[in-house]
Amino acid sequence: MAVNNKNREELLLDCLKKIAPGTELRLGIEYILQGKTGGLIVIGDSEEVLKLVNGGFYIGCSFSPSKFYELAKMDGAIILSSNGRRILYANTHLFPKPDIKTSETGTRHRTAERVAKQTDTLVISISQKRDVVTIYKGNIKYMLEESRAMLSKANQALQTLEKYKEGLGDLSFNLTVRELEDLVTLFDVCSVLQRSSIVQKTEKEVKKYIYELGVDGRLLNMQAEELMANVSSDFINIINDYKHPDNKSEAEQIKDKLSRLSGDELLDLNKIAHVLGYKPEGNLKESSLHPRGFRILSDVRRLPYSIIVNLIEKFGNMKSILDASVDELSEVAGMGKVRAHSIYDRLKKYSEYYLYNEPYNRGGI
């Protein structure tokens with residue numbers, strides 16, 4: 001089953017959640033590793049899976065780590081329900097199609113990979129001799145690592161995320177300043193989207209480690225969530241601000257296309273410009289753009305999205321909104337005089353703050 005990079009990452013994260021430390025299933029796996037019995041586990045009871053089952057015996061009991069471990073002492077595979085809460089069959093033999101390609105050499109791992117590819121089901125193979133846990137899902141293969149090594153890698157990835165996020169913060173601050181001065185270029189926009197995409201890709205790498213660490217990764221998860229606050233929403237707002245007028249794709253669709261760009265493609269700002277709908281010729285710094293205002297209006301005050309849309313539809317871009325009087329703002333549908341006064345004052349303070357502060361001095365208004 002072929003999957004794109006984004007779906008592959010999401011499927012892997014979902015698999016890691018199911019067997020993360022702190023779950024009963026992971027405890028059962030740890031028992032098997034300690035007992036050095038090995039095991040082959042299929043988490044799924046679809047008709048396609050059950051067709052591959054031969055022999056063994058039906059259990060039909062609720063899952064518990066101790067029962068799971070005792071049943072794993074037998075040579076055959078264990079079949080769990082799709083949610084992993086019930087043990088359905090034990091000591092079974094699995095017969096996937098023998099012509100399905102596999103890179104594995106051992107019988108247990110070859111069977112696991114073929115079953116996963118044929119049924120698109122999560123299959124776990126536990127090596128008896130090497131204390132290695134390998135998970136398979138469709139064409140995905142992933143080997144779990146020892147917690148201490150995983151924690152070290154997670155901390156390194158989090159430090160990388162912090163570094164990239166700091167750079168994104170500076171680029172975003174400078175973009176805001178240029179928006180307020182109406183000096184934005186296609187280069188500025190693509191640079192911020194580039195860095196934001198890298199930050200979001202790095203976060204997925206951190207999340208992979210966090211899910212694999214399970215309960216041991218709770219502190220790292222809190223740090224990652226704090227770092228990623230507003231990153232995704234800002235990304236969407238920038239797309240809405242700057243996508244080409246002829247580009248009829250929704251912001252989420254454009255975001256999805258950007259997320260599928262490879263690391264090498266992300267380094268090419270022209271690729272990002274093309275996804276936004278532009279066909280740049282020459283230097284991106286020579287292409288002037290005018291923000292519609294989604295990002296700044298969302299940042300200035302918690303305005304209902306409908307009013308933000310009404311503001312943009314009436315004035316066309318951020319510069320016209322900034323130049324508008326209170327009376328002109330109050331004419332916007334759903335606005336009213338009181339709210340218009342408030343937005344007018346907030347926009348003035350917002351502009352003063354960004355135009356007279358360096359990025360490293362920012363702290364909010």
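Quick caveat: nothing in here was measured; it's all calculated off a predicted structure. Any value given below was found using the heavy atoms of this structure, including those in side chains, with hydrogens, waters and symmetry copies removed.
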Just wondering, do [Y] and [X] contact through their side chains at under 4.5 Å, heavy atoms?
X      : Y      : answer
Tyr278 : Leu289 : yes
Pro291 : Tyr242 : yes
Asp323 : Glu328 : no
Leu183 : Val177 : no
Tyr136 : His109 : yes
Thr111 : His93  : no
Glu226 : Met222 : no
Tyr89  : Leu50  : yes

Test your reading of the model: is there a side-chain donor-acceptor pair from [X] to the backbone of [Y], 3.5 Å cut-off?
X      : Y      : value
Asn317 : Arg292 : no
Arg108 : Ser127 : no
Ser233 : Asn230 : yes
Lys137 : Asp120 : yes
Thr119 : Val115 : yes
Lys208 : Leu13  : no
Glu113 : Ser103 : yes
Lys73  : Gly35  : no
Asn247 : Val275 : yes
Asp14  : Glu10  : no

Taking all atoms of both residues into account, what is the closest heavy-atom pair of [X] and [Y], and its distance?
X      : Y      : answer
Cys15  : Ile135 : CB-CD1, 4.0 Å
Cys190 : Ile272 : O-CD1, 3.7 Å
Gly55  : Thr92  : O-CG2, 3.6 Å
Gly214 : Ala20  : CA-CB, 3.7 Å
Gly76  : Asn91  : N-OD1, 3.2 Å
Leu303 : Arg339 : CD2-CD, 4.1 Å

Mind checking the [atom1]-[atom2] spacing from [X] to [Y]? Nearest 0.5 Å is all I need.
X      : Y      : atom1 : atom2 : value
Leu25  : Lys18  : CG    : NZ    : 10.0 Å
Leu276 : His244 : CG    : NE2   : 10.0 Å
Ile307 : Leu311 : CD1   : CG    : 7.5 Å
Leu144 : Ile19  : CG    : CD1   : 4.5 Å
Lys285 : Ser191 : NZ    : OG    : 8.0 Å
Met318 : Leu180 : CE    : CG    : 7.0 Å

Lys/Arg-Asp/Glu bridge criterion (N-O < 4.0 Å) met for [X], [Y]:
X      : Y      : answer
Glu352 : Lys348 : no
Asp182 : Lys319 : no
Glu70  : Lys67  : no

Checking side chain to side chain contact (heavy atoms under 4.5 Å, CB included) between Phe294 and each of Val309, Ile236, Ile239, Ile238, which is the one that passes?
Val309
Which of Ile87, Ile43, Leu94 passes side chain to side chain contact (heavy atoms under 4.5 Å, CB included) with Ile79? Answer is Leu94
After noting the C-alpha distance and the side-chain angles of Ser232 and Lys255, does the key distance pass the side chain to side chain donor-acceptor pair (under 3.5 Å) rule?
CA-CA 9 Å; Ser232 181; Lys255 179 184 178 181; 2.6 Å; yes
Do [X] and [Y] pair up side chain to side chain, a donor and an acceptor below 3.5 Å, judged on atom types alone?
X      : Y      : result
Ser172 : Arg195 : no
Tyr142 : Glu212 : yes
Ser81  : Asn83  : yes

Taking a hydrophobic cluster as the set of Ile, Leu, Val, Met, Phe, Trp and Tyr residues connected by side-chain heavy atoms closer than 4.5 Å, whether directly or through intermediates, do [X] and [Y] fall within one such cluster?
X      : Y      : value
Leu40  : Val49  : yes
Phe95  : Tyr58  : no
Val132 : Ile140 : no
Leu88  : Leu122 : no
Ile321 : Met335 : yes

Neighbour count >12 (heavy atoms, 6.0 Å) for atom [atom1], [X]:
X      : atom1 : result
Tyr344 : OH    : no
Phe315 : CZ    : yes
Asp345 : CG    : yes
Glu250 : CD    : no

Apply side chain to side chain donor-acceptor pair (under 3.5 Å) to residues Thr185 and Asp188 and explain how you reach the verdict.
CA-CA 5 Å; Thr185 67; Asp188 300 321; 3.0 Å; yes
So Lys165 and Glu162, salt bridge (Lys or Arg N to Asp or Glu O under 4.0 Å) or not? Walk me through it.
CA-CA 5 Å; Lys165 177 62 191 307; Glu162 288 175 338; over 6 Å; no
Measure from NZ or CZ of Lys153 to the centre of the six-membered ring of Tyr209 and say whether it is under 6.0 Å with the direction within 45° of the ring axis.
no
Report the C-alpha separation of Ile312 and Leu297 in whole Å, then their side-chain angles, then the decisive distance to 0.1 Å, and conclude whether the side-chain contact (heavy atoms from CB on, under 4.5 Å) test is met.
CA-CA 10 Å; Ile312 293 169; Leu297 290 172; 4.2 Å; yes
Does the side-chain contact (heavy atoms from CB on, under 4.5 Å) test come out yes or no for Tyr353 and Lys349, once each step is laid out?
CA-CA 6 Å; Tyr353 171 77; Lys349 291 179 181 178; over 6 Å; no
Mind running side-chain contact (heavy atoms from CB on, under 4.5 Å) on Asp216 and Leu151 for me, showing each step along the way?
CA-CA 8 Å; Asp216 297 330; Leu151 187 59; 5.7 Å; no
Please step through side-chain contact (heavy atoms from CB on, under 4.5 Å) for the pair Val192 and Asp234, ending with a clear verdict.
CA-CA 10 Å; Val192 174; Asp234 282 352; over 6 Å; no
